[in-house]
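First comes the structure, then the notes that go with it.
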Amino acid sequence: MDNIHDLGGMHGFGPVPIESEGYTFKHEWQRRAFGLTQSLAGNTPFCADMHRHKIEQLSAVDYLQMDYFEKWTVATSELMKDAGLVDANELATGVKSFAVDLTKHPAVRPDDLVNAMKVGGDYTFPAESRVAAFQVNDTVRVLSNCPSGHTRVPRYVRGKIGTVCNVEDVFQFADAVAKGEGPAPQHCYLVLFKATDLWGEDAEAPDDVIYLDLAEAYLERA
Amino acid sequence: MDNIHDLGGMHGFGPVPIESEGYTFKHEWQRRAFGLTQSLAGNTPFCADMHRHKIEQLSAVDYLQMDYFEKWTVATSELMKDAGLVDANELATGVKSFAVDLTKHPAVRPDDLVNAMKVGGDYTFPAESRVAAFQVNDTVRVLSNCPSGHTRVPRYVRGKIGTVCNVEDVFQFADAVAKGEGPAPQHCYLVLFKATDLWGEDAEAPDDVIYLDLAEAYLERA
Amino acid sequence: MSDHNHHKDHTHGHTHDPVEDGAALRVRALEELVIAKGLVDPAALDSVVEYYERETGPRNGASVVAKAWVDPEFKAWLLKDGTAAIHSMGFKGYQGEHMRVVENTADVHNVIVCTLCSCYPWPVLGLPPAWYKGPAYRSRVVREPRAVLAEFGLTLSQDMKVQVWDSTAEIRFMVLPRRPENTEGLSEAELADMVTRDGMIGTAVV
Amino acid sequence: MSDHNHHKDHTHGHTHDPVEDGAALRVRALEELVIAKGLVDPAALDSVVEYYERETGPRNGASVVAKAWVDPEFKAWLLKDGTAAIHSMGFKGYQGEHMRVVENTADVHNVIVCTLCSCYPWPVLGLPPAWYKGPAYRSRVVREPRAVLAEFGLTLSQDMKVQVWDSTAEIRFMVLPRRPENTEGLSEAELADMVTRDGMIGTAVV
């Protein structure tokens, strides 16, 4: 979806707040918010793509005004609510009003949680499980459509022509995963775009380039 | 500039508030705000393009949260301040702290103001003063660049191919006018874009089209 | 997610909305200031608002439409040179200096928008409704006009071609709706009474 | 126009910011709720924050860079298969499952971003700074990387080619900065001490 989160190429957000926003955590509640989402991701049925999509659905004003970790917390809360593990009143008050089946959603233990972080996710499928539609040096065009759900094509490359620079592994497809439709595995391609093709005469230098990794479903032969 | 005002094609703003926002004025202060801008446009050195550009420079959060007529008032206030006719403290308090030369900026009289509205602006130049670069049925591409100032090319047609359907009159060029650089007169063209060229498979029907009037400077032969 | 939205108090339309209160204060401060400085004649401010509220508005456009429905020569002129035809009826002035009238037919439906701003043909339609100026209409009607029109209660068949007119330059658009059936006996004035603002924006048929 | 901006109180960074107070309350309510419901072990929450604060961070990436500077074979491996080379040093896990390391040279400068979100290689760089997640950096660095880098104090000549890497899929990017001149006598550990977070994002050179 082309919501406000798709910021690439927009004007109007001023200088980068380098000094004032060099922090990772500034407040203790930001630490708690980070830890809460990681803790809950382990025992409730959501994944990173679903979490991102919840954030993307915030109103533009909320997206731009809320702290990053508040957005995480809103998204986590929504996913917990969707899963029936909490309700709106509980979230508003912080007070438990009904019990959940902890045999299905056991709290993750400290060591297990840290180990899960150290292991990470598994997003790939065997390379030989799919035939790549494009090869290195192929010229491709990014499709002009934009699904209403989660997608990984920024608006600034939509309809643009680029060159395949690497055939990446076979990955799960974020658009499908975010919808709960399963992995829809496909090749991902490292695609090079010339800055002049994206920005015309605004390009700062004629040889500058932008690289994006794009799923096969986003591309057509140009 | 590609600020938030360039809304065409974005997702995330929900249904059109048809019933609740069918009004033209809902509050008396909106009437006053409208009248104030029209009254001041007559005797202070600003034009509609400059006024629009001030609105476009609002932060995205302000642009989306402020009432339409509040945005007008902010823009008018900024233009008055730029012209040295008011200062920030006066605007904050509503209290006059210095006098202006009213021989240079006489208040517009009621009849004169209404007559000015009835006459309107003059944005055209003699058709024979310029040779049109494009003709009806020419295929054109909208340039991919986006100036940092006021411009009349929405992002959703940038880099897209369309067909000239009419050679309009020779008009002043809003980009130049907004910068105070004079009219830079040039032809304007009615350009047809296929919905499928703009939105790909998202187009609702294969024959749907979108028409825009675009200045010659925005176009190149495709 | 709106039930979790602590910014919700800042949206418009509530009885005591801090944003709107701020706007009203800001406008009052500017008005008092420029009147004190002699830059604005309060009577002029009243006059211009009255002019738009009383002398412009969709009734003007409706009379143009009704005339086109009963007078084929006028209709041909209106579609060929909307500016001249509309000015000939006295509807001219700011935001109506250059007009293009686009005709709905059995096969084509037109709808107007200004995605970058809120340009609108003031002399024939008056000042625009708030939704025309808001982000939902402006963002969506160029991408999904049929979905937007359906929200207005207008469901178009796939056979009907939709033409969206985005007012990006100095030319303002107005839709000439189709004349309703079984209106042969009506006078021009009676026909004009049938024409709505939304019919001339294209978010409704007449 | 910020002096006219009555919404300004709502931006972040003030001592008593209502938005931030709201955020803190929201987080506390969720924490109390999920602990009361038994869905979260408070010790697990503490552990995961501690893990990221103590065991990840730019020192990890710096040791990768320093190793590449002193070991040509490792450097070749790092550039050919960043994932395997980085994992071999023990820096693996969430947001670092698939890595591509891009090399700055005398002719090419690289910079990383995630325009849609804020993807970042956690195992080697830790969690990203706030500016990396904010709208200014994300909107601008793909359109005008040189202007953004200049704000960071890095002015590049027109002869230097700029490559921007937008993290749109599951692969995370890290920049391999150029080894500073006159560092032949330094140990790998001393070299690692010279490598900064911004050097590995590409918003600085080392």
Side-chain angles (χ1 to χ4, degrees), chain A residues 5-10 13-18 20-24 29 31-36 38-40 52 64-65 67-68 70 73 77 86 90 94 96 100 102 105 107-110 113-114 117-121 123 152 154 156 168 171 188 199 204-205 207-213, chain D residues 10 12-13 19-20 23-24 26-34 36-41 43-49 51 92-94 96-97 115-117 126-127 129-131 133-140 142-146 148 151-152 158 161-166 168-171:
Chain A
H5 72 279
D6 186 353
L7 286 160
M10 285 189 77
F13 294 103
V16 181
I18 299 167
S20 64
E21 296 192 31
Y23 64 87
T24 293
W29 65 263
R31 283 188 185 81
R32 308 309 290 172
F34 174 77
L36 269 173
Q38 301 300 356
S39 302
L40 288 162
R52 276 177 69 161
L64 294 172
Q65 284 208 136
D67 180 88
Y68 176 77
E70 182 175 16
T73 303
S77 299
V86 301
E90 286 185 323
K96 170 183 174 179
V100 296
L102 291 175
H105 306 282
V108 182
R109 291 168 37 188
L113 180 57
V114 171
M117 293 289 122
K118 288 181 178 172
V119 169
Y123 314 116
R152 300 290 191 86
Y156 74 88
E168 312 279 23
F171 281 92
C188 180
W199 316 116
E204 291 178 313
D207 292 336
D208 288 353
V209 297
I210 296 100
Y211 288 97
L212 285 81
D213 281 315
Chain D
H10 302 295
H12 303 293
V19 170
E20 193 191 294
R26 186 199 293 273
V27 172
R28 191 188 307 164
L30 180 63
E31 182 174 353
E32 290 176 358
L33 175 63
V34 293
K37 297 190 86 144
L39 288 162
V40 166
D41 174 349
L45 198 165
D46 292 336
S47 297
V48 72
V49 175
Y51 170 69
K92 52 173 79 169
Y94 192 59
E97 295 93 342
T115 59
L116 294 174
C117 178
L127 301 177
W131 58 253
K133 303 178 283 187
Y137 184 74
R138 287 165 50 199
S139 64
R140 292 176 56 207
V142 288
R143 180 191 277 274
E144 45 172 8
R146 292 164 187 270
V148 170
E151 288 178 15
F152 279 85
Q158 284 294 104
K161 176 181 180 176
V162 174
Q163 303 189 144
V164 182
W165 300 79
D166 190 356
T168 44
E170 310 312 332
I171 297 158

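Throughout, a chain's letter reflects where its sequence line sits, starting with A, and its residues are numbered from 1.
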(request) Hey, could you give me the CD1/OH distance between D:I171 and A:Y211, rounded to the nearest 0.5 Å? (result) 13.5 Å
(message) Distance check, rounded to the nearest 0.5 Å: D:R138 atom CZ versus A:M10 atom CE?
(response) 11.5 Å
(request) Flag the pair D:S47 / A:L113 as yes when at least one side-chain heavy-atom distance between them is below 4.5 Å, and no otherwise. (result) no
(message) Testing the basics here: between A:G121 and D:Y94, what is the closest heavy-atom pair and its distance to 0.1 Å?
(response) N-CD1, 4.4 Å
(request) Kindly determine whether D:T115 and A:L7 satisfy side chain to side chain contact (heavy atoms under 4.5 Å, CB included), including the steps that lead there. (result) CA-CA 6 Å; D:T115 59; A:L7 286 160; 5.6 Å; no
(message) For D:W131 versus A:P17, what's the shortest heavy-atom pair and its separation?
(response) CB-O, 4.0 Å
(request) Considering only heavy atoms and a distance below 4.5 Å, find which of A:D207, A:L40, A:D6, A:L36 pairs most often with chain D. (result) A:L36
(message) Looking only at heavy atoms and a cut-off of under 4.5 Å, which of D:T168, D:V49, D:V148, D:V48 has the most pairs with chain A?
(response) D:T168
(request) Against chain A, label D:K161 side chain, backbone, both or neither, depending on which of its atoms sit under 4.5 Å from a heavy atom there. (result) both
(request) Below 4.5 Å from any heavy atom of chain D, which atoms of A:L102 appear? Answer side chain, backbone, both or neither. (result) side chain
(request) Could you tell me which of D:A43, D:G134, D:G96 has the largest number of non-hydrogen atom pairs under 4.5 Å with chain A? (result) D:A43
(message) Quick check for you: to the nearest 0.5 Å, what is the distance between D:L116 atom CG and A:L212 atom CG?
(response) 8.5 Å
(request) Identify which part of A:R32 has an atom lying under 4.5 Å from any heavy atom of chain D, answering side chain, backbone, both or neither. (result) both
(message) I'd like to verify something: which residue of A:F171, A:Y123, A:W199 has the highest number of heavy-atom pairs under 4.5 Å with chain D?
(response) A:W199
(message) Can you tell me which of A:A33, A:G22, A:S20 forms the most heavy-atom pairs within a distance under 4.5 Å of chain D?
(response) A:G22
(message) Which atoms of A:V108 are under 4.5 Å from chain D, going by heavy atoms: the side chain, the backbone, both sets, or neither?
(response) backbone
(request) Pick one of side chain, backbone, both or neither for A:V119, based on which atoms fall under 4.5 Å of a heavy atom in chain D. (result) backbone
(request) Identify the two heavy atoms, one from A:A205 and one from D:R146, that lie closest to each other, and give their separation to 0.1 Å. (result) CB-NH2, 3.4 Å
(message) To the nearest 0.5 Å, what is the distance between CG on D:L127 and OH on A:Y23?
(response) 13.0 Å
(request) Select one option (side chain, backbone, both, neither) describing which atoms of A:I210 are under 4.5 Å from chain D's heavy atoms. (result) both
(request) Compare all side-chain heavy atoms of D:V162 with those of A:E204 and state whether any distance is below 4.5 angstrom. (result) no
(message) Is there a side-chain contact between A:E70 and D:V27 in this structure, where contact means two heavy atoms from C-beta onward sitting under 4.5 Å apart?
(response) no
(request) Let me know if D:Y51 has heavy atoms under 4.5 Å from chain A in its side chain, its backbone, both or neither. (result) side chain
(request) Identify the heavy atoms of A:D213 and D:A169 that sit nearest to each other, and give their distance. (result) CB-CB, 3.5 Å
(message) Looking only at heavy atoms and a cut-off of under 4.5 Å, which of D:R28, D:R140, D:E32 has the most pairs with chain A?
(response) D:R140
(request) Under 4.5 Å heavy-atom distance to chain A, tell me which part of D:Q163 shows up: side chain, backbone, both or neither. (result) both
(request) State, with a plain yes or no, whether a side-chain heavy atom of D:V34 is found less than 4.5 Å away from one of A:K96. (result) no
(request) To the nearest 0.5 angstrom, please state how far the CZ atom of A:R109 sits from the CG atom of D:D41. (result) 9.0 Å
(request) Measure the spacing between CG of D:L39 and NE2 of A:H105 and express it to the nearest 0.5 Å. (result) 7.5 Å
(request) For chain A, find which of D:K37, D:E170, D:E31 contributes the most heavy-atom pairs closer than 4.5 angstrom. (result) D:K37
